[in-house]
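Residue numbers start from 1 in every chain, and the chains themselves are labelled A, B, ... in the order their sequence lines are given, proteins ahead of strands.
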Amino acid sequence: MIRVTLPDGSVREYPKGSTGLEIAAQISEGLARNVLAAKVNGVVQDATRPIDTDATVQLLTWNDPEGKATFWHSSAHLLAEALESLYPGVKFGIGPAIETGFYYDVDLNGQHFSQDDFRKVEDKMLELARQKNAYVRKPVGKADAIAYFEEKGDPYKIDLLQGLEDGSITFYTQGGFTDLCRGPHIPNTGFIKAARLMNVAGAYWRGDEKNKMLTRIYAVTFPKQKELDDYLHLLEEAKKRDHRKLGKELDLFAFSEKVGQGLPLWLPKGALVRERLENFLRRAQVRAGYQPVVTPHIGSKQLYVTSGHWEKYGKDSFQPIHTPDEDEEFLLKPMNCPHHCEIYKTKPRSYRDLPLRLAEFGTVYRYEQSGELHGLTRVRGFTQDDAHIFCRPDQVKDEFMKVIDLVLYVFKSLGFNDYSAQVSLRDPENREKYIGSDELWERAESAIIEAAAEKGLTTVMELGEAAFYGPKLDFMVRDALGRKWQLGTIQVDYNLPNRFELEYVGADNQKHRPVMIHRAPFGSMERFIAILIENTAGNFPLWLSPDQIAILPISEKYEDYANDLFFALQEHDIRGFVDLRDEKIGRKIRDAEVNKVPYMLIVGEKEQADGTISVRRKGGAATGQGGDLGSMSVDAFVALFQQEVKL
RNA sequence: GCCUUCUUAGCUCAGUGGUAGAGCACUUCCUUGGUAAGGAAGAGGUCGUCGGUUCAAAUCCGAUAGAAGGCUCCA
């Protein structure tokens, strides 16, 4: 007998060699029907594998992330089986579970595959699933494994096998399909009740541009049809929040082929949101001791040779602009820091001057590969809410922590609660990608880690995510479709001060080198606003709304009263418009709702007679929030409005 | 940059070889209406661009530009 400890702490005895499934069956029939895998002493394994020793056992179901991952991984095998039967000669790369669903990288041997083929594959998957084929695990020797795939003619699996150690290799077979796999898997294919192929994409074998591009098929499966329906509905809802869609609908920004891809045009309403955000940060920065500076959009090539940007990014950047007569070379500025270094150098600095905090909403231009551009989140011209703090080495940690406070203040003010803090470190395998000595890097990395720890931030470490001149603390946020984007960033830099030979005179009357902190709480105005749009579904907080009020006269008879009201509210810095169209009130309300105007002020005979306004808050019948707030005096509305703006 | 897909009116989309359609938006007229779409009429497109096949191309083929989803990249 073996002693099994369950998650609730209870200990039960089972015959040696019992499986997770058998343990589940003894607990309840329902559980046995839902067990996807078993976590034995912390290791997830097949629920059908015998347990031979005393162990802590957790039975994993769809409700456990690891259960889901197992389910989707097994689904990837099912997808492969379906593909193999429909596309003879298909070769397989890798097929892992991902955050939502799974994919399989396949080489279709030149056969065409597109969305039109999805249905066929889905049907095949479900047909195979209904056979309830067991996933059978089988250890296999390396030589035998290679022989198997050689005979099958699958070079990718052989490539994978080369990297594996003999003795640790297992095959899994379900139905007529056998794959190299470490597992674990669900008991049988019958658990898979709903399947949907999501999209196809190209993916380089092993993620290397030099390798052949395989076809990556993304799909998702569920144990119930309803869960698939719910998931698809969720996706539809998320699409409605897409900033590209809302940006068009709400007239915030646009792109033009003539202007060029990745170069956003800010329309009046979008520009207003952006200006409000900038002013919000400007005020916060004045309080935090920053000084605004302004620098040009281009700089001589020499500036970037000095900074190292030319060497690192020169050939992958917009190429230099040449002057017609002297043949001077200028670069569109890809970063503001070199310019700010030169501002630092305009006069000798004393240790008493530090920290010097130079801030600029600096517009930069970067050549991004065309396939990478994405709405406002990845563009070729964007404005950073940039600042560089020049400080003494003993001030680094304190300054860094102050910047963390500023970033968190900005996020909190805008309701960004769902972010993750990422410490972006150097890739130790590729040190040549970075400039600066190991010692300076270690100092910078430990400064960031310490400061983040002292601020009590929960951080994740990411190797290889650092900038080429220094490590970063990045604040990551997700968009409507769950993709992660970097917003705020703080970077400690010991390298650029060296390259620009920045100095200050210390208390000891000796020359010393300052340390730079690069930081941008928003990151870029473009990306920040994109995420803000998706987070709020276009329902900006009142202080950011392009139109805060819409004055809706019942008929043209009340036009004068409406206009007088508009001017009176303008005196209180309230933005909006009067809807003078020859339309009924219901229509005017609808249009204001659709345009997400926070307050509708309805004026007709009654209001004119009483000198009042009827106030309607956005989000009426359709959402169950907001609606008619009744009539009130203008002063009462102004008070209500100003209280909300202050929040 | 690479892979797959897409591009028809301002917007959302129908139209798969035989001289361009709908809804919304827009313009004009009627209507003066009380909390999410009042009515009528009108105007608007060389079907992204260039080339080819064909008696005939929005439709088939090629190139090119944009866009979407990935991959690689991201100072």
Side-chain angles (χ1 to χ4, degrees), chain A residues 103 105 108 112-117 198-218 239 242 244-245 248-249 251 254-258 260-262 304 307-310 312-314 316-317 333-338 364 366-375 377-378 380 384 433-435 465-470 472 481 483 485-486 489 491 493 496 518 552-559 582-594 600-607 614-623 626-631:
Chain A
Y103 65 79
D105 283 349
L108 285 160
H112 184 79
F113 189 79
S114 73
Q115 287 197 358
D116 303 335
D117 306 300
M198 302 307 289
N199 50 51
V200 273
Y204 302 107
W205 172 238
R206 289 183 176 267
D208 189 333
E209 269 180 294
K210 292 181 211 72
N211 287 340
K212 178 161 182 182
M213 182 163 275
L214 305 180
T215 304
R216 177 168 297 177
I217 300 171
Y218 286 90
K239 276 190 192 144
D242 191 314
R244 293 166 300 185
K245 181 175 156 68
K248 195 182 274 184
E249 287 172 1
D251 288 323
F255 290 90
S256 150
E257 276 186 39
K258 274 219 176 69
Q261 56 177 347
Y304 301 101
S307 71
H309 290 96
W310 175 252
K312 174 83 180 164
Y313 292 105
D316 300 320
S317 295
K333 92 174 157 187
M335 289 199 84
N336 303 299
C337 33
V364 297
R366 297 178 183 175
Y367 173 75
E368 304 286 0
Q369 297 186 64
S370 60
E372 262 316 310
L373 300 171
H374 181 93
T377 49
R378 192 81 186 272
R380 286 179 169 170
Q384 296 178 312
K433 278 169 63 183
Y434 308 92
I435 59 171
E465 292 292 313
F468 75 97
Y469 50 76
K472 311 188 286 179
L481 289 171
R483 292 175 290 219
W485 297 94
Q486 175 203 310
T489 179
Q491 312 170 6
D493 181 2
L496 282 188
H518 309 239
L552 313 179
I554 296 290
S555 83
E556 70 189 30
K557 283 188 256 175
Y558 315 105
E559 191 176 322
D582 183 10
E583 294 289 352
K584 289 189 176 183
I585 194 65
R587 176 52 176 273
K588 292 182 182 181
I589 287 171
R590 181 185 148 79
D591 288 346
E593 289 279 357
V594 166
M600 285 150 271
L601 309 179
I602 292 143
V603 292
E605 187 179 359
K606 191 154 50 82
E607 289 76 13
S614 279
V615 179
R616 180 190 163 96
R617 173 81 220 197
K618 170 181 68 180
T623 63
D628 193 351
L629 302 185
S631 68

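- At least one donor-acceptor pair under 3.5 Å links the side chain of A/R366 to the backbone N or O of A/P334.
- Spacing of P atoms, B/C26 relative to B/C11, comes out at 14 Å, to the nearest Å.
- Of the two residues contacting RNA chain B, namely A/G260 and A/G586, the nearest-nucleotide position lying further toward the 5' end is that of A/G586.
- B/G48 and B/A67 have their C1' atoms separated by 11 Å, with the value rounded to a whole Å.
- Straight-line distance between the C1' atoms of B/A9 and B/U5: roughly 24 Å, to the nearest whole Å.
- With A/K212 contributing its side chain and A/Y204 its backbone, the two residues share no donor-acceptor pair below 3.5 Å.
- Atom CG in A/N211 sits about 16 Å away from atom C1' in B/C73, given to the nearest Å.
- In this structure, the side chains of A/K472 and A/H518 stay at 4.5 Å or more apart for every pair of heavy atoms.
- One atom, CG of A/D628, and another, P of B/G34, lie 14 Å apart when rounded to the nearest Å.
- Residue contacts shown for A/E607 include a base, since a base heavy atom lies under 4.0 Å away.
- The C1' atoms of B/C29 and B/U35 are separated by 27 Å, rounded to the nearest whole Å.
- Regarding A/L373, its CG atom lies at a distance of 15 Å from the P atom of B/C74, rounded to whole Å.
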Any protein N or O atoms within reach of nucleotides 9-16 of chain B? Criterion: under 3.5 Å, listing atom names and distances.
residue, atom, partner, partner atom, Å
B/U12, OP1, A/K248, NZ, 3.3

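- Nucleotide B/U4 forms a Watson-Crick or G-U wobble pair with B/A68, both donor-acceptor distances falling under 3.5 Å.
- When the nucleotides B/C74, B/U35, B/G66 are ranked by their closest atom to the side chain of A/E257, B/G66 comes out on top.
- The side chain of A/A201 approaches B/G69 more closely than any other nucleotide in the set B/U35, B/C2, B/G69.
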Every protein N/O lying under 3.5 Å from an N/O of nucleotides 5-7 of chain B:
residue, atom, partner, partner atom, Å
B/U5, OP1, A/H112, NE2, 3.2

(message) Determine whether A/E605 and A/K557 satisfy the following criterion, salt bridge (charged side-chain N to carboxylate O under 4.0 Å, His left out), listing intermediate values before the conclusion.
(response) CA-CA 8 Å; A/E605 187 179 359; A/K557 283 188 256 175; over 6 Å; no

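- None of A/R380, A/Q261, A/R378 except one satisfies the side chain to side chain donor-acceptor pair (under 3.5 Å) rule with A/E368; the exception is A/R378.
- Counting distance only, with no hydrogens placed and no angle test, the side-chain atoms of A/R378 and the base atoms of B/C73 include a donor-acceptor pair under 3.5 Å.
- Comparing B/A58 with B/G1, their C1' atoms are spaced 31 Å from each other, to the whole Å.
- For A/H374, no side-chain nitrogen or oxygen approaches OP1 or OP2 of B/G70 to under 4.0 Å.
- A distance of about 13 Å separates the C1' atoms of B/G10 and B/A43, rounded to the whole Å.
- Side-chain atoms of A/Y218 lie closest to B/C71 of the nucleotides B/C71, B/A65, B/G69.
- Of all nucleotides listed (B/A68, B/G70, B/G66), B/A68 comes nearest to the side chain of A/R244.
- Rounded to whole angstrom, the span from the NZ atom of A/K606 across to the P atom of B/U35 amounts to 10 Å.
- In this structure, A/Y313 has its ring center under 6.0 Å from that of A/F468.
- The P atoms of B/A20 and B/C47 are separated by 10 Å, rounded to the nearest whole Å.
- The residue among A/F255 and A/Q369 whose nearest nucleotide of RNA chain B is located toward the 5' end is A/Q369.
- No contact: A/H518 has no heavy atom under 4.0 Å from any strand.
- Scanning both residues, A/P338 and A/Y304, for their nearest heavy atoms gives CG-CE2, 3.8 Å.
- Among B/A36, B/C71, B/G34, the nucleotide with an atom closest to any side-chain atom of A/Y204 is B/C71.
- When the P atom of B/C73 is taken as reference, atom NZ of A/K210 falls 10 Å away, rounded to whole Å.
- Remark: A/Q261 is in phosphate contact with B/A67, judged by side-chain N or O atoms under 4.0 Å from OP1 or OP2.
- For the pair A/E583 CD and B/U35 P, the computed distance is 16 Å after rounding to whole Å.
- Remark: P of B/A36 and CZ of A/R616 are 5 Å apart, rounded to the nearest angstrom.
- Closest to the side chain of A/S555, from the set B/G33, B/G66, B/C74, is B/G33.
- Spacing of C1' atoms, B/U7 relative to B/C50, comes out at 15 Å, to the nearest Å.
- Here the C1' atom of nucleotide B/G33 and the CG atom of A/L552 are 13 Å apart, to the nearest Å.
- Among the protein residues, A/R483 comes within range of the sugar-phosphate backbone only, with heavy atoms under 4.0 Å from sugar or phosphate atoms but none that close to a base.
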